[in-house]
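Report on the structure given below.
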Amino acid sequence: MKLKPAAFIPELLRHIFKKPATVRYPFEKLKVPDDFRGTPVLKPELCIVCRSCVRDCPAFAIEITTLSEEEKKYKMTIHNDRCIHCAQCVESCPTKALFMDTEFEIATDSRLKLKAEYIYSRQKKTDQKSQQT
Amino acid sequence: MSILKSLIYLLIYPGLLFLFVYSTFCEWFDRKLYARLQNRVGPAYTGRAGILQPVADFFKLLFKEDIIPERADRVIFSSLPVVGLAIVLTAGLYLPLWNIDVSIPSYNSFQGDIIVVLYLLSLPTLIFFLAGWHSTNFFSTLGGVRVLTMLFGYEVPLFLAILSPAIVADSWRLAEIADFYQKCPFLLLFQLTGFFVAVIALQAKLERTPFDIPHAETEIVGGTFTEYSGKKLAFFRLMTDIEMVVGSGLIATVFMAGFPGNAFVSFVNFIIKTLIVISILSLIRAACSRIRIDQMVNFSWKWLTPLAVMQLFISILVKGVFWRILQ
Amino acid sequence: MKKITIPIGPQHPALKEPISLRMTIEGEVIKDADIRLGYNHRGIEKLAESKTYIQNIYLMERICGICSHSHTTCYVQAVEALCGLEVPKRGLYIRTLVSELERIHSHLLWLGVAAHEAGFDSLFMYTWRDREVVMDLLEIISGNRVHYAINTIGGVRRDISEQQKEKILEGIEFLRKRTEYYTNLGTTEPTFVARISGVGKLPKEKAIELCAVGPTLRASDVASDIRKDDPYAVYDEIPFDVCTADTCDVLGRVVVRVKELIESYKIVEFVIKNLPAGEIKIKAPRKVPEGETVSRYEAPRGENIHYVKSNGTDKPERLKVRAPTLANYPATIEMLKNGFVADIPLIFAAIDPCICCAERVVELIDVKSGRSDIMTFSEIKRKYFCEKKRETL
């Protein structure tokens, strides 16, 4: 191998008047692919409360509590502060009631704000509320 | 009137204020160019295109917590940054920039001032060594030792290279050297080798890649500056920036025919010529990897010094042979 | 000259993760080195025993951020072997594709880190800029840049479309050009070569004796690669060469990795062009039959070994991970001896250390007596925390 002094200089000079590769992030944003794994979101009307997402979540981020047994009213809490965005819940769901959105700027100043709660009933007719606290 | 003029000379232009402002600009220029060479943006948010970033860094450091190690000598440890800053600012006053009459020697331009500037530019190295030594930290001490080892490498070629134009010009006074080359600029072509030797030696003096051995981050943490923080670090950084300005100003004076013209034209001359030197320094910094201390000393004695000696011979030949023919 | 011991780490700019290297030096020459581990122990193996096999895939992924696919593949292969699952060909091909893209990403990252340790920041910036290309490819395939989560027991989770294939080929073509340029640059730029050639010598016999693995071993002219020696996934169908270098120094390790990049581009192209049709996964049972197995995988850093013991339930009885970095530590000490202080970061970086990968065990050693002990957590609490409290009172 022969040594060439200043071998890098042409490449460096070539880049002086080129557009920098840096994306000035807060002002410009890159597009994420469509099937990016963002945060899990529930479509409450499809959930059959089989709890397979709860069982398979490696981070114990999904919690389903029964609000009333006779009305079949349930509450699903997705703890996004614990979520590791592996999308195993989406895979485990037999009715495709969960999906991942493409949101990637999810930082907040309190972990309580990251909690997503869905109150819903298994019957389709009763009103569905989905709220985020 | 002359007192007022001297005061302006010392405090505003080209003294304290100008050197401060211009050195922060040079740091920004260096950082921006370095970033663009690497296909990055560089400082971008403070001021237009990040031009105020070095000033912001300086003031931010001023307000940071200032820690003196318990075992360090308090007086020497705290006085070194100030002394160092004073030394490089003083060196800046000798650049023949403004208010210089070539025919009359004055307090800032006399026979032998080139030696004074070189001497003043050597002192920061000693300051760095003392700073490292008095920090009593292992990494600082190692950095300090490396500073001194490097000094023996680059100082000789730097002196030889800077003095060879002076031999041709037959003067030890910066203003006269500049004036001489303004009259016959083609003689500068014979000094090209010396110019590159001086630029590389200046790079080593400023401890920038590939010669950033004394404060190689990945090897010895902060090197000489490991224990410095807050105000003192801010002064040291400012000192290095001003040293860069003065060093490139010195090279511009002896190798680029100085800064002719009235106050404004000479100012523009100064800016352009120093920025050219700084661009070369940035390019070297981007194109190389850090070398080891033994390789550095080898390089400077095997390549730089012989080249500087060759330059000296060329200068003597030019002076002895060609000059006589031309006359 | 007086011998002094200097600590490099646990906190040091050259180390991105905590590890303590104690150097005994004379002037600038290293006479002896000692590595102390245990600053980054996370108890992952213990945690794995309380999680199901499905959950453990994602836990294994988080052993390391750079070779995340290596650990999951290794683990998943072990579980598949225990269940006796026959993974569909298409699934295996996609698995191989992601593992080669990961190797590209890891080697480019390493090249940048090595350049930075040598103070060559421009090369560092350029390689990391180009690494973004492969990161984006991985994001397109799997939905994430770092934790691909493409593996599942019995296959892979996502299929590859024609559009993605084209994008991958495009990206690989660009990377091949850049890599050829860096190969040229890294081996001809005088200051960089001066820093890396002849540094960190590890002779062939020593490398074998000290059980070095991966590019560290291959740079000492030993053609050992799990992909060839003990092929997993579909490596027995893919043509590729094992890259070696005979200089036995850091330069050799750079050359090996750069050559492997070129090989990886070939493999990726082969996989894309020969991707068979069919299913990508088969259904896996939740409960794994009783048994034990060892799975080997050639991670970018070297041989990765997972040992899984199952007891017939849905949780593993024992899961042991041997990350490649751990195998390279003894060789590192050998390389460091008689080197310069200035070369410590380069030599250490040349094994591509991943400290959190390697931190598997914490040994408690009494500083005064030098005796090592096994203690329960309550004992530790009683002995150390309570003593501290008494002292402050």
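Labels below follow one simple rule: chain letters A, B, ... track the order of the sequence lines, proteins then strands, and each chain is numbered from 1.
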With a 4.5 angstrom heavy-atom cut-off, could you sort out which part of [X] is near chain B: side chain, backbone, both or neither?
| X | value |
| --- | --- |
| Glu117(C) | both |
| Arg195(C) | both |
| Tyr126(C) | side chain |
| Ile196(C) | neither |
| Ile4(C) | side chain |
| Ile6(C) | side chain |
| Val199(C) | side chain |

Report task. Output all residues satisfying side-chain contact (heavy atoms from CB on, under 4.5 Å) with Asp30(B), sequence neighbours left out; order by chain, then residue number. Result -> Arg208(B), Met244(B), Ile278(B), Ser282(B), Arg285(B)
Requested in this report: Identify, with sequence neighbours excluded, every residue that meets side-chain contact (heavy atoms from CB on, under 4.5 Å) alongside Phe152(B).
Outcome: none
Report task. Heavy atoms only: give me the nearest Ser289(B)-Thr191(C) pair and the separation to one decimal. Result -> N-OG1, 3.0 Å
Query raised in the report: Taking only residues at least two apart or on different chains, which pairs with a member in residues 325-337 of chain C satisfy side-chain hydrogen bond (donor to acceptor under 3.5 Å, both in side chains)?
Result: Thr216(C)-Asn328(C)
Query - Stepwise side chain to side chain donor-acceptor pair (under 3.5 Å) test for Ser135(B) and Asn137(B) - result: CA-CA 5 Å; Ser135(B) 297; Asn137(B) 179 321; over 6 Å; no
Query raised in the report: Strictly under 6.0 Å, is that where the ring centroids of Phe128(B) and Phe225(B) end up?
Result: yes
Query raised in the report: Does Trp128(C) have Arg131(C) sitting over its ring (NZ/CZ under 6.0 Å from centre, angle to axis within 45°)?
Result: yes
Query raised in the report: Would you call Glu65(B) and Lys231(B) a salt bridge, using N to O less than 4.0 angstrom?
Result: no
Query raised in the report: Which members of residues 32-47 of chain B, sorted by number, sit under 4.5 angstrom from chain C on a heavy-atom basis?
Result: Tyr34(B), Leu37(B), Gln38(B), Asn39(B), Arg40(B)
Requested in this report: Might you work through the ring-ring contact (aromatic ring centres under 6.0 Å, His included) test for Phe348(C) and His12(C), ending with a clear yes or no?
Outcome: CA-CA 13 Å; Phe348(C) 192 61; His12(C) 190 278; over 10 Å; no
Query - Side-chain donor-acceptor contact under 3.5 Å, Thr127(C) with Tyr182(C) - result: no
Query raised in the report: Of all of Ala349(C), Pro190(C), Gly119(C), which one pairs up most often with chain B through heavy atoms under 4.5 Å apart?
Result: Gly119(C)
Query raised in the report: Which bit of Asp212(B) comes within less than 4.5 Å of chain C, counting heavy atoms only: side chain, backbone, both or neither?
Result: neither
